[in-house]
S.K.: 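One structure follows; several queries about it will come next.
Scope of the values below: all heavy atoms of this structure, side chains included, with no hydrogens, waters or symmetry mates. The first residue in the sequence is number 1, and the count goes up from there.
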Amino acid sequence: MQADLIVVGGGILGTFHAYHALKRGLKVILFERNQRPQGATVRNFGQVVPSGLNRKWQAFGRRSLEIYRDLQAEADISIRQQGTMYLASNAEELTLIQELNQINDTSGYRSELWDAQACKKRYPGLQDSYCQGGLFFPQEVTVEPDQMIHRVLGLLVEQYGLQYNPSTRIDAVESEGAGCKVRDHRGKEYHAAQTIVCSGVECQSLFPEIIEESDLVVSKLQMLQTVPQPSQVLPGSILTGWSIRRYESFVECPSYVTIKVGEDPDSPQRKWGVHILFKQALDGSVIVGDSHEYAPIARQEELGFDLKADINRFMMDESRKIIQLQDDRIRTSWAGFYSQTPDGNLFTHTIDARIHLITGIGGKGMTSSAGYAEKRIEELFNLQPS
């Protein structure tokens, strides 16, 4: 079977490579090892927040916002444009959001400084003792991570002609003449001009030496989800003071280095990489988190699959200091895993100019994959920018 592009991995990175190729009239075959994608793409908050990224990745994120809106106009893929709020808890964090707002004025990315009273009006339950003000990004969106990717894949199959093969493990990817050959676990062969492997699992199983010799690191994140709130509405993405102290965009602020030097290196949030986020799902439940534990990809089993009760307890205790939920009983909790590079970019490796490993986009996958994949497809097929 012949195609222009084969994509291995049905998560957000692979799906959007397929989308952009299909939009340019290319024939695409996409393989997903599970019946439905089950990795980091569906185990996250569903926050699309270019506001938290450095300038390079923010540009991809801003383009992703446009792509998401275009797709939402074609079919309901669960996009809600309700904005992103960063809540400052003290004078240092207020300084950082003021400085980032000035940077945004220069870069042309819209943000709004809100006083504490305006923040409290928007978010019922926000604690008076916590909020000193906020920085709001009105154009940013949320998605439902357990729904969005499945809806996009369905749209690509029905409207764009994607040949989608779920429940299909890929056992071999090889160069062949001017193209490449892919063999699935049933022994069936497929041929294409280019192949992209976006699944971290397949990258490791198909090219173990390349991945193990890379600088990829795996991050384990713990998240919790409450029962639905009876009547409390918390729109959009809510990020807090620890997010302000953690996210890359704030590194550009003049006061950032001085403020970071003064932090307690032994605090639980530094030990476990915790910063508190909130995002309300369509059913009224609230996702709360998250933590970050790291291991080199060759030793990722050291992270384990268990949930640490101390981390979950700490996150919920801290979340109550920020927002009092009407009902903070926990319905479920889980661990998500994603790979990332130490420099904050992603891992790419090309074999014979036609087999491309693209993985390790880290926590910016939901925000930036759509924009990044567009540029990558243009490069691979020598296409003019759209």
Side-chain angles (χ1 to χ4, degrees), residues 1-32 37 41 56-57 59-71 74 77 149 152-165 168 170 172-184 188-200 202-203 206-207 210 341 345-361 364-386:
M1 191 168 296
Q2 185 70 40
D4 298 300
L5 175 67
I6 290 173
V7 179
V8 180
I12 193 162
L13 197 54
T15 295
F16 275 101
H17 277 89
Y19 167 71
H20 290 296
L22 290 162
K23 281 202 73 176
R24 295 304 193 95
L26 302 176
K27 183 177 180 180
V28 182
I29 304 172
L30 188 150
F31 297 97
E32 165 57 41
T41 296
K56 171 185 174 179
W57 286 97
F60 289 132
R62 290 165 68 170
R63 176 60 183 141
S64 295
L65 289 174
E66 298 172 348
I67 294 166
Y68 279 140
R69 293 188 189 107
D70 289 345
L71 281 168
E74 294 186 56
I77 62 167
I149 197 65
V152 173
L153 284 167
L155 178 66
L156 298 189
V157 170
E158 295 168 11
Q159 302 296 327
Y160 288 78
L162 173 66
Q163 182 178 323
Y164 179 45
N165 296 278
T168 305
I170 297 303
V173 178
E174 303 168 351
S175 297
E176 178 186 55
C180 42
K181 176 176 67 176
V182 171
R183 187 178 70 250
D184 69 18
K188 187 173 182 179
E189 293 186 351
Y190 305 80
H191 307 269
Q194 301 279 347
T195 294
I196 295 174
V197 184
C198 289
S199 164
E202 266 85 4
C203 282
L206 295 169
F207 306 99
I210 293 172
T341 60
N345 284 299
L346 82 172
F347 177 80
T348 62
H349 184 94
T350 296
I351 302 167
D352 296 335
R354 60 189 72 101
I355 300 170
H356 311 276
L357 280 59
I358 306 176
T359 190
I361 197 167
K364 55 189 176 290
M366 188 63 75
T367 296
S368 294
S369 290
Y372 170 82
E374 180 179 47
K375 181 174 183 293
R376 194 73 170 117
I377 289 297
E378 291 168 352
E379 293 171 344
L380 290 183
F381 290 93
N382 296 313
L383 302 170
Q384 292 297 315
S386 55

S.K.: Search all heavy atoms of Ile355 against all heavy atoms of Cys180 and return the closest pair with its distance.
M.R.: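 Ile355 and Cys180 have their closest heavy atoms at CG1-CB, 4.1 Å.
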S.K.: Any chance you could measure Ile67, atom CD1, to Lys23, atom NZ, to the nearest 0.5 Å?
M.R.: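 That separation rounds to 8.0 Å.
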S.K.: Check this for me, if you would: do Arg69 and Glu66 make a salt bridge, where the nitrogen-to-carboxylate-oxygen distance has to be below 4.0 angstrom?
M.R.: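 Salt bridge flag = no for Glu66 with Arg69.
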S.K.: With sequence neighbours left out, what residues match Glu176 under salt bridge (Lys or Arg N to Asp or Glu O under 4.0 Å)?
M.R.: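 Glu176 satisfies salt bridge (Lys or Arg N to Asp or Glu O under 4.0 Å) with no other residue.
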S.K.: Distance from Ile12 atom CD1 to Ser64 atom OG, nearest 0.5 Å?
M.R.: 7.5 Å
S.K.: Mind checking the CD-CG spacing from Gln159 to Leu22? Nearest 0.5 Å is all I need.
M.R.: 12.0 Å
S.K.: Using residues 1-8 as the side-chain source, report each donor-acceptor pair under 3.5 Å to any protein atom, sequence neighbours left out, with the distance given to one decimal.
M.R.:
unit_1 : atom_1 : unit_2 : atom_2 : d
Asp4   : OD2    : Lys27  : N      : 2.7

S.K.: Once salt bridge (Lys or Arg N to Asp or Glu O under 4.0 Å) is applied, do any residues pair with Glu378, and if so which ones, sequence neighbours excluded?
M.R.: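 By the salt bridge (Lys or Arg N to Asp or Glu O under 4.0 Å) rule, Glu378 matches Arg24.
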S.K.: Which residues satisfy the ring pair (Phe, Tyr, Trp, His ring centres under 6.0 Å) test with Tyr160, sequence neighbours excluded?
M.R.: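 Listed in chain order: Tyr19.
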S.K.: Quick one: CD1 on Ile377 to OH on Tyr372, what's the gap to the nearest 0.5 Å?
M.R.: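 Interatomic distance, Ile377 CD1 to Tyr372 OH, rounded to 0.5 Å: 10.0 Å.
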S.K.: Check whether any side-chain heavy atom of Val28 sits under 4.5 Å from a side-chain heavy atom of His17, and report yes or no.
M.R.: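 Sidechains of His17 and Val28: no contact.
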S.K.: How close do Leu206 and Ala172 get, heavy atom to heavy atom, and via which atoms?
M.R.: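 Residues Leu206 and Ala172, closest heavy atoms: CD2-N, 3.7 Å.
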S.K.: Report yes if the side chains of Thr195 and Phe31 come closer than 4.5 Å at any heavy-atom pair, otherwise no.
M.R.: no
S.K.: Just jot down the salt bridge (Lys or Arg N to Asp or Glu O under 4.0 Å) partners of Arg62, sequence neighbours excluded, or say none.
M.R.: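 Result, salt bridge (Lys or Arg N to Asp or Glu O under 4.0 Å) vs Arg62: none returned.
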S.K.: Side chains of Asn345 and Trp57: closer than 4.5 Å at any heavy-atom pair?
M.R.: yes
S.K.: Measuring from Thr168:OG1 to Ile29:CD1, what's the distance to the nearest 0.5 Å?
M.R.: 11.0 Å
S.K.: A side-chain contact here means heavy atoms from C-beta on lying under 4.5 Å apart; do Arg376 and Phe16 qualify?
M.R.: no
S.K.: What pairs with Lys375 under salt bridge (Lys or Arg N to Asp or Glu O under 4.0 Å), at least two apart in sequence or on another chain?
M.R.: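 So Lys375 forms a salt bridge (Lys or Arg N to Asp or Glu O under 4.0 Å) with Glu379.
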S.K.: Do Pro37 and Leu153 come close enough that some side-chain heavy atom pair is under 4.5 Å?
M.R.: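 SC-SC contact between Pro37 and Leu153 confirmed.
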S.K.: Step by step, work out the side chain to side chain contact (heavy atoms under 4.5 Å, CB included) result for His356 and Thr348.
M.R.: CA-CA 7 Å; His356 311 276; Thr348 62; over 6 Å; no
S.K.: Taking atom CZ of Arg354 and atom CD of Glu174, what is their separation to the nearest 0.5 Å?
M.R.: 12.0 Å
S.K.: How close do Ser369 and Leu13 get, counting heavy atoms only, and between which atoms?
M.R.: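 For Ser369 and Leu13, the tightest heavy-atom pair comes out as OG-CD1, 3.6 Å.
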S.K.: For Thr359 and Gly200, which heavy atoms make the closest approach, and how far apart are they?
M.R.: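 So the two residues come closest at OG1-CA, 3.9 Å.
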S.K.: Taking all non-hydrogen atoms of both residues into account, name the closest pair between Leu71 and Ile77 and its distance.
M.R.: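 Heavy-atom minimum between the residues: CB-CD1, 3.7 Å.
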S.K.: Could you tell me if the side chain of Asp184 sits less than 4.5 Å from the side chain of Tyr190, heavy atoms only?
M.R.: yes
S.K.: Indicate yes or no: at least one non-hydrogen side-chain atom of Ile210 is less than 4.5 angstrom from one of Ile351.
M.R.: yes
